[in-house]
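Both ligands and their constituent atoms are indexed starting at 1 by order of listing. Note that the structure is a prediction, hence the values are computed from the model and not measured.
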Amino acid sequence: MRRPVIAVDGPAGAGKSTVARRVARALGFRYIDTGAMYRAVALKALTTGVDLRSEAAVRQVAAETEVDLTSGPGGETRVWLDGVDVTEALRGPEVNASVSVVAGFPSVRALLVERQRRLAADGGVVMDGRDIGTVVLPYADYKFFLTASLEARTHRRQRELSQMGFAVDAGALREEIRQRDALDQNRAVAPLRRAEDAVVIDTTDLSVDAVVDRILSLVTARES
Ligand code: DC
């Protein structure tokens, strides 16, 4: 029997990657962080000096970029760009500032969406992003949309970044997240929005364990 596919969408800092990774581990599924794919393309464009305003040039970078996701010793996701571990670099301020531009190019999205569909084709996958339930995998067996207040999301990102050694000002981070939300929600192609058939979970006052448990109980109830 084909194992199910689970889509997890939502804005930055809603807890998608932590939750999706934990759900994948509990089910023995593969976790796919699609944001990391857009970030990897942005990082490569930045480091190779490609003009980020040129869709054709960025698409070319995406076409020539190989992104692999592996699990580190503690279960964390490591992201490899053309064979180099770029996990930390992907979270840096330069990538944060330019990734929405990269993700706004339709031809870049088309290329990455095709790769994402291939990764999910055999099932047994938890995929997180912004358009997984709406565009990438509209026939996903389960769809979840995680939200949280801007305050909670800022606080989480700040903690995550400081654990990685980046010192950030909360006010500036809050503003950056707010701007990125606006760009993600208002772009012409595949904007961030909830699929009509997605289960919405507001994670503002929920622990990671509580969110993971809620998802697992919905999935296992239907699969058993
Ligand atoms: O989840 P994240 O913060 O790593 O995502 C990075 C950026 O990529 C974010 O601005 C939204 C964009 N993105 C997207 O447009 N579609 C996806 N499926 C995943 C991420």
Backbone or side chain, does any N or O of T34 fall under 3.5 Å from an N or O of ligand 1? yes
Does even one non-hydrogen atom of [X] get within less than 4.0 Å of ligand 1?
X: R187; value: yes
X: A12; value: no
X: M127; value: no

Looking at R180, Q179, R130, R109, the heavy atom closest to atom 15 (O) of ligand 1 belongs to R109
Given D184, V189, I32, V136, which one has a non-hydrogen atom that is nearest to atom 11 (C) of ligand 1?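 Among D184, V189, I32, V136, the closest heavy atom to atom 11 (C) of ligand 1 comes from D184.
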Please report the closest heavy-atom contact between D82 and E64, naming both atoms and the distance. OD1-O, 3.9 Å
Taking all atoms of both residues into account, what is the closest heavy-atom pair of A190 and V135, and its distance? CB-CG2, 3.9 Å
Are L111 and M37 grouped together when hydrophobic residues (ILVMFWY) are joined by side-chain heavy atoms under 4.5 angstrom apart? no
Which ligand 1 atoms, with their elements, are less than 4.0 angstrom from a heavy-atom of [X]?
X: S100; value: 10 (O)
X: D131; value: 16 (N), 17 (C), 18 (N)
X: R91; value: 4 (O)
X: R157; value: 3 (O)

Do [X] and [Y] make a side-chain contact, defined as non-hydrogen atoms from C-beta onward lying under 4.5 Å apart?
X: L150; Y: R174; answer: yes
X: F144; Y: L218; answer: yes
X: D202; Y: L206; answer: no

Look at [atom] and say which protein heavy atom is nearest, naming residue and atom and giving the distance to 0.1 Å.
atom: atom 20 (C) of ligand 1; answer: G35 CA, 3.5 Å
atom: atom 12 (C) of ligand 1; answer: A103 CB, 3.8 Å
atom: atom 4 (O) of ligand 1; answer: R39 NE, 2.7 Å

Among R178, R130, R193, whose salt bridge (charged side-chain N to carboxylate O under 4.0 Å, His left out) with D184 holds? R130
Evaluate whether atom CG of D205 has more than 12 neighbouring non-hydrogen atoms of other residues, nucleotides or ligands under 6.0 angstrom away.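 Counting neighbours around CG of D205, 12 or fewer heavy atoms of other residues, nucleotides or ligands fall under 6.0 Å, so no.
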Between D85 and T87, a side-chain donor and acceptor under 3.5 Å: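 Indeed, the side chains of D85 and T87 share at least one donor-acceptor pair under 3.5 Å.
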